[in-house]
Structures are given as C-alpha cells and as structure tokens.
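In the text below, chain A, chain B and the rest are named by the order of the sequence lines, each starting its count at 1.
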Amino acid sequence: MSGDVDPKPGFIRTYVFSTDHKMIAKQYLFLGIFYLLIAGLFAVQIRMQLAHPDAEAPLIGKALWPQTDGKMPPEFYNMLFTMHGSLMVFFAITPIVIGAFGNFVIPLQIGAKDMAFPILNMLSFWVMFIGGIVMAASFFVPHGAATAGWTAYASLSSSSEVTSPILGHGQTFWLLGIAFAGTSSLMGGINYIVTVLNFRCRGMKLLRMPLTTWGLFFTAILNVLWVPVVAAALFMVLVDRLFGTSFFMAGPLASVEGGQPLLYQHLFWGFGHPEVYILILPVWGLVGDLLSVFSRKPAFGYKATVYSMATIVILSQIVWGHHLFTSGMNPLLGHVFVFLTITISVPTSIFFLNWLATLWRGAIRLTEPMLYALGIVFVFCIGGLTGLFNALQALDIYVHDTYFVVGHFHYTLAASVLFGVFAGIHYWFPKMFGRNMNARMAKVHFCLTFIFLNCVFFSMMYVGAGGHMRRISDPTTYTFLKDFQVWNRFMGYSTLALAAAQLLFAWNFFHSLFFGKKAQQNPWQANTLEWSAPTPPPHGNFLSPPKVARGPYEFNSPLSGDRDWLMQDDPAATASDS
Amino acid sequence: MEATSSIDPELEFTSTGVNSSKLGMWIFLASEVMFFTGLIGSYIVLRLGSDTWPDPSQHLATSVLAINTFVLICSSLSMVLGLQAISQGDQKKLTKYLLITILLGTTFLVIKVADYVHMIHNNFTITSSLFGSCYYFLTGFHGLHVAGGIVTLVVVLIMAKKGRFSKSHYDMVECTGLYWHFVDLVWIILFAILCLV
Ligand SMILES: [Cu+2]
C-alpha cells in the first residue's frame, strides 16, 4: 500500500498532489501559517478598534470607509471577530496542530512508512484548502462575511436569506467553508486512527507510543465522533437559510411553528466542547514529550497520563451544557453539567502534576522547544484554573458573555495551542526540513511572545471580571465601561507588540528554511522513532524497518552506556521493558 | 538488522488483525452514526417540543413508503448474496448481484422522487410545517447517502467486470456492502419514526 510508491515522482506529484505524509504535513503547515497570519491581523484590528473606537481603523480604514473618515462600521467589527475565531480554530490551529504535526509525527513515531490511506490523506488537505478559499471569498460577497460569531448561534445565523436578502450570503459561505474543514478533519481522523491501530512497527505496543501520538490519536477519535454532529446542526442552519425552514427559528421570523433555537446550542456545544480537546490534546501530548526529553528523565506516570487523557476524552463528550447556563436551559440540568465539568479537573490535575513531577530534579535543558513547553505549562495552569469559575453555574451567570470568558479560552486555547505550535515547529523543524532554526532568535521570540500574550489575555480577564462584555465594537458607549478604556488601550498596544514579535518567528522560520545550518539526525538527543529516521526522512521514512524494544522515555538507563538516552529501536538491550 | 530500503513483509502486518480498509469503513460508519444521531435526535426533540404535530398518515403515502422499504431490504439481500458469491470466487454471480443491487437502489430513489413530487402537488412541502421540514430534510439526506452508495456500487461493478476481485481479494465489495447495509438500516429507522409512530 504505502510501500509501492513511485521513487521519483514529478514536480506536481512531489509538491502539489503528493501522497507522502511528510509533504502533506508541510502543505498543512504553510496553509496554517497563512491563516494564522490573516486571523492574527484580524485580532490586531479588533484590539485597535477597541483601543480607539472613535479613531479611523489603521491601514484599512481610509480605503474601505471614506464616508465615515475611516471609522470601522459595527457590522465589519462583527465580521472581524467572527472570522478571527473561525479561521483560527478551523484553518490555523487545526491544520498546524492536527494536519501538520499529526501527519508528520504519527507515521514517524510509530515506525510506519506512511499513513494508512495516502490518497485519502492528500484529499483531506485539498478539501481543507478549498474550504479556506470559500472562507476567504466570503469577504467579497455582497454584505460581506459572516457576522454571527464563530459559534454561529441560531437564529442569528439561520435567518432566511431568501426572505431577507439584506443578510447576504456571507453566513452561507461560512457554513460551506466549515463543512469543507469538517470533511477534511473527518478524513484525517479516519486515517490517523487506522494508522495508529494497524501500522505500528514491530514491538511498538500501544503503551510504548510517545505521548504526542497518543494525543493525536485521541484527537482523531473526537473528530470522527463529533464533527458529524456539528455538521448535522450546520446543515440544518443552511437549510433554514436557503429553503426557508425554521428548525432553529422561533417567534415572528419563523416560517412555521415549533422551531427551537436552543437546540442549535446543544448540538453546537455537543461538538464545541470536544473541539476544545480536539485542539489541545495533541499539545498536551507534545508537552509530555518535550518535558521528558529536555529534563532528561522519563515522563513521570506515563501510563497515568495516557489514562487520564483517555478519561478526559470520555468526559469531554458529556459536559457541553456548561456553555448553556444562561441560555434558558433547566437549572437542575445545569447542576448535572457543573458536576461533570468539575470532574474533568481530576484527570487534568493528574497529568498536570505528572508534568511537574517530570520536571522535578530533572537535568533541565532550556532549549527553544522546552521554553515553549514551559510556557504552555504556565498558561495552561492559568487557563485551567479560570475554567473553574466558568464551570460553576452561580459564578458563570456573572462572568458569562464577558471578557473573562474570552480571556479564559484564550489562555487555554490561544496561548497554550499557540505555544504548542511554536514548540512543535521548533522541535521538528530540523527533521522536517533538514535545517536548524536560529536558537537565540527563537528564545527572544519566546520571551516577547510570553510577556505580551500575558499582557493581553490577563487584562481580558481583568476587565471581564469588571463586567466588560465581549463582541461590542465601541465600549465607550457604555458609561460603566469608560474606566476600562485605559485597559483596552493597553491591550491594543500589547497586541501590536505581540504581532510585531511574530516577525522574529517569521524571519527565523523562512530564513532557516533556506539558509539554516544543516541539521543532525537527532539534535535533541531524544529516544522516539522519528529521530532514528534519516534527516530529512526519505520516501518510506526508515532505511530499515525499525524494531522497537522499549518505551519512549528511557533516559539515563544503565543500558545506554556513555550516552544518557536510549533510542526506542536501539538493539543494545532488547530485554528491558517498562 | 539488514540495511535495505526494500519492502519488508513484516512491516505490512496489521496490528489489530482487522483489514485496514474494513477498519476505516467501520470508523467512517461510526461517524455516520453520529451524523444521523444528530439529525434524528433533533427530530425527536423538535417533535416532542411541538404541540401541533400532525398525524403522519395525513400527509404521507405510507403504503408506497412501505413498498420502498421492502425494495431497499431486497437490495441489501442481493448485496449479501453478491458478497457470498465472490467469497466463493464466483465473479459472474457477483456482477449479477451487484447489478440487481444497483437497480433496486435506483428504484428506491425513483419511487422516492415520485413520492416527493406527488406530495409537493398536494401542498406538503418543506416549509408547510415543521413536520414537512423534518421529513424532507431527513429523507433528503438519506437519499443523498443512497445516491452516493449507488455511485460507489457502479464503481465496484466496473471493477468486478474487469475481474479485479477474487476469492482472496474482495475488500472493496465488503466495505461497500457494509455501507449499503448501514444506509438500509437508517432508512428502516427513518421509516419507523417518520411514518409509523
Ligand atoms: Cu466547554
């Protein structure tokens, strides 16, 4: 299947319609970085608008809205935050963390030659690519892009565009774009699961897989199960818009009686909560790997970490109701969801403590991937702890729909996953492209990103606790928010600085791509199989089929001689097993 | 360890023992189950929440739909017979049964469309009531799945005619069969909850 690949494919088969998992990973990576840039610029525009609601929008204002002296209209602000969220979640994080890392890492870490279904793999990228184009195109249709937020709540999103043409087609484009992204995730998910279950090399028992692969495997399971559910909901929204049905419409706008807007929220968050874990599970796994490698110690409680991740996968599917505390859901049902949600903190604490225990008395090497990993430990701690506030019904009623929630999920998702993106890129760059990135530049980039990211996200929680609502384009129209304007300005400038710091990364990434120092085979002295493959790995990955003899974290083993690491496929001592 | 880049048959073993295509199909079907759970679950919630739900037999030609259900069950049967034929190496019989399956599937769709047209003539449309919306939406998505199944079956038929399947190699027939039975099962559930209850 994956063995009989054409050894010398032409340009198009190598770079465009490639079925090699490593090339598809690179395609995903560049796609993701592109949308990360776009959605990041949206964030800058959003924060600048909030910093100076009365001023003209920087760069784009004069050109787009000459009639208002460059002032951004509220509808455009709505498009910005909608597309910022949607693009970040579905077209930046998903392609990088799941598409790029998943594709690159899974076959290499389990010792496979390629994915189980290489052609399906190629299709999944191109379906995502089409989805991205559809999303981008939505800005250029009459009345612009979607404005209903990344959650696309009905009835805001599902009002019929047939009876009210003023709504435009932006939301419809959005629905189609997300449908493409979902199809891509589904195809990828099937591929990942089958690859992990069926294509491990000899000796690679499930409980010898590195944590990154475990995270990606769990992510694939959640994707396969929950993307179809949101697809069902989004198709109903689509039909409501295009055919004038009223599945999610109630009141005077409904065409028939009996539609239920609340039903949409149940379906959306049924997917939406697992989606959070879909995005973060691979990052958790990556952190587990990195902390072990750069503390030169086995990952503490490896099995407990795997089992607690599995527990989270199960629990994550039955807690969606914590997003609906203020939506009119029965408060008694709310109590059940409070209980279930709080239960998640048990397995979360287990693997978080395992991280700390891995660091404890380790010979820590503060390399660039390690810095980002430590950054994740810090921001995830804040994000996790603030999650408790949102999980409790009584507290949530106060913070719901404020910037506290925005700050919370930017800590857990944006900050953690963004650091995960950087950690993964810096960690695997040498293997992926055969060249090294500049370490000093990366460390400066980490420090700047870490500082400004906390400036932005912590301030969000501060103003949120003070009652600052989300999704408003002009806070100064509310007298009680006037005092927060200084914070909004602070966040605006911090965002600018945060964005500027990313230029360092961009320079480092693209410069190293062509001019970086040639990388060694195992620059980080790690044990996992991707580092036994040549750099960069050829078609088929391994020169000879690896035979795994031990777990992924054998550091300071007495068997490894004068080195402190012992590769998983090192034949030195086949007897040892954890 | 030998240093060669040629294919090592040891690497091709499957860790679960289940054929990869079949495993992939089962995972896909799991996602399909979730998709229809979303649709059918929504239908149940909408129906239980509505106090003006009409009697289904008022709008639907239940007998026609029952015949259609029978047609689809027969197509599942012929699919099973086709699979059985190729598992004994009989390529001719496989082709015959695939053709029957495709014809029965197409019959189902034709009856479905005729039924749609008939109901729309009787002013039962997708926007005439919540029941109408649910009916067309659910059966419409099921119809798309049947159409997708027929396309796949045609591909399998062409491959069968070219003699691509044998006693030891018929994964694709089996996977298509799994999908086809799933679509059949979904219809039986839809028929029950839309038309009978
Ligand atoms: Cu949640």
Side-chain angles (χ1 to χ4, degrees), chain A residues 1 3-4 111-113 116-117 120 186 189-191 193-202 204-206 220-221 223-233 235-236 239-240 243-247 255-260 263 266-267 270-271 538-540 542-547 569 571, chain B residues 1-53 125-138 140-141 144:
Chain A
M1 171 169 298
D4 42 61
K113 287 181 172 169
F117 309 112
L120 186 71
L186 180 62
I190 294 172
N191 219 340
I193 296 176
V194 175
T195 307
V196 167
L197 289 182
N198 268 358
F199 282 73
R200 278 166 288 138
C201 67
R202 297 191 86 194
M204 181 58 85
K205 300 176 194 162
L206 279 174
I221 293 175
N223 253 333
V224 163
L225 291 179
W226 291 97
V227 162
V229 174
V230 81
F235 281 131
M236 286 162 94
V239 172
D240 272 1
F243 295 95
T245 56
S246 286
F247 291 118
S255 60
V256 296
E257 257 176 66
Q260 294 192 23
L263 175 60
H266 279 288
L267 290 171
F271 152 82
H539 250 306
F542 299 94
L543 295 181
S544 62
K547 292 192 175 84
D569 62 338
Chain B
M1 288 207 288
E2 68 286 295
T4 163
S5 59
S6 65
I7 311 152
D8 183 347
E10 282 176 340
L11 249 188
E12 300 296 328
F13 81 104
T14 54
S15 307
T16 53
V18 181
N19 169 293
S20 291
S21 320
K22 221 200 285 183
L23 186 61
M25 180 47 83
W26 278 112
I27 297 167
F28 174 66
L29 289 184
S31 82
E32 286 280 42
V33 167
M34 290 303 281
F35 180 72
F36 279 102
T37 304
L39 295 186
I40 294 171
S42 303
Y43 165 76
I44 292 169
V45 170
L46 289 170
R47 176 161 182 174
L48 293 180
S50 162
D51 36 46
T52 56
W53 206 265
T125 65
I126 193 165
T127 49
S128 60
S129 67
L130 194 58
F131 176 54
S133 307
C134 289
Y135 180 78
Y136 285 100
F137 187 69
L138 290 176
F141 262 104
L144 287 177

>> Going by side chain to side chain donor-acceptor pair (under 3.5 Å), name the residues that satisfy it together with B:Ser42, two or more places apart in sequence or in a different chain.
In response: none
> Using the ring of each side chain (for Trp, its six-membered ring), is B:Phe137 parallel, tilted or perpendicular to A:Phe247, with breaks at 30° and 60°?
Replying inline: tilted
Which bit of [X] is near chain B, if near means a heavy-atom gap under 4.5 Å: side chain, backbone, both or neither?
{"X": "A:Leu225", "value": "both"}
{"X": "A:Ser246", "value": "backbone"}
{"X": "A:Val194", "value": "both"}
{"X": "A:Val224", "value": "both"}
{"X": "A:Phe271", "value": "neither"}

Point-to-point distance, once rounded to the nearest 0.5 Å, from [atom1] of [X] to [atom2] of [Y]:
{"X": "A:Ile193", "Y": "B:Ser20", "atom1": "CD1", "atom2": "OG", "answer": "12.5 Å"}
{"X": "A:Leu263", "Y": "B:Ile44", "atom1": "CG", "atom2": "CD1", "answer": "11.5 Å"}
{"X": "B:Ser133", "Y": "A:Asp240", "atom1": "OG", "atom2": "CG", "answer": "8.0 Å"}

> For B:Trp26, does the CH2 atom sit with more than 12 other heavy atoms under 6.0 Å from it, leaving out its own atoms?
Replying inline: no
Contacting moiety of [X], where chain A heavy atoms sit under 4.5 Å:
{"X": "B:Thr127", "answer": "both"}
{"X": "B:Phe141", "answer": "side chain"}
{"X": "B:Thr125", "answer": "neither"}

> Aromatic ring centroids of B:Tyr136 and A:Phe243 under 6.0 Å?
Replying inline: no
> What option among B:Leu46, B:Val45, B:Thr52 has the most heavy-atom pairs under 4.5 Å with chain A?
Replying inline: B:Leu46
> Top residue by heavy-atom pair count (under 4.5 Å) with chain B, among A:His266, A:Glu257, A:Met236?
Replying inline: A:Met236
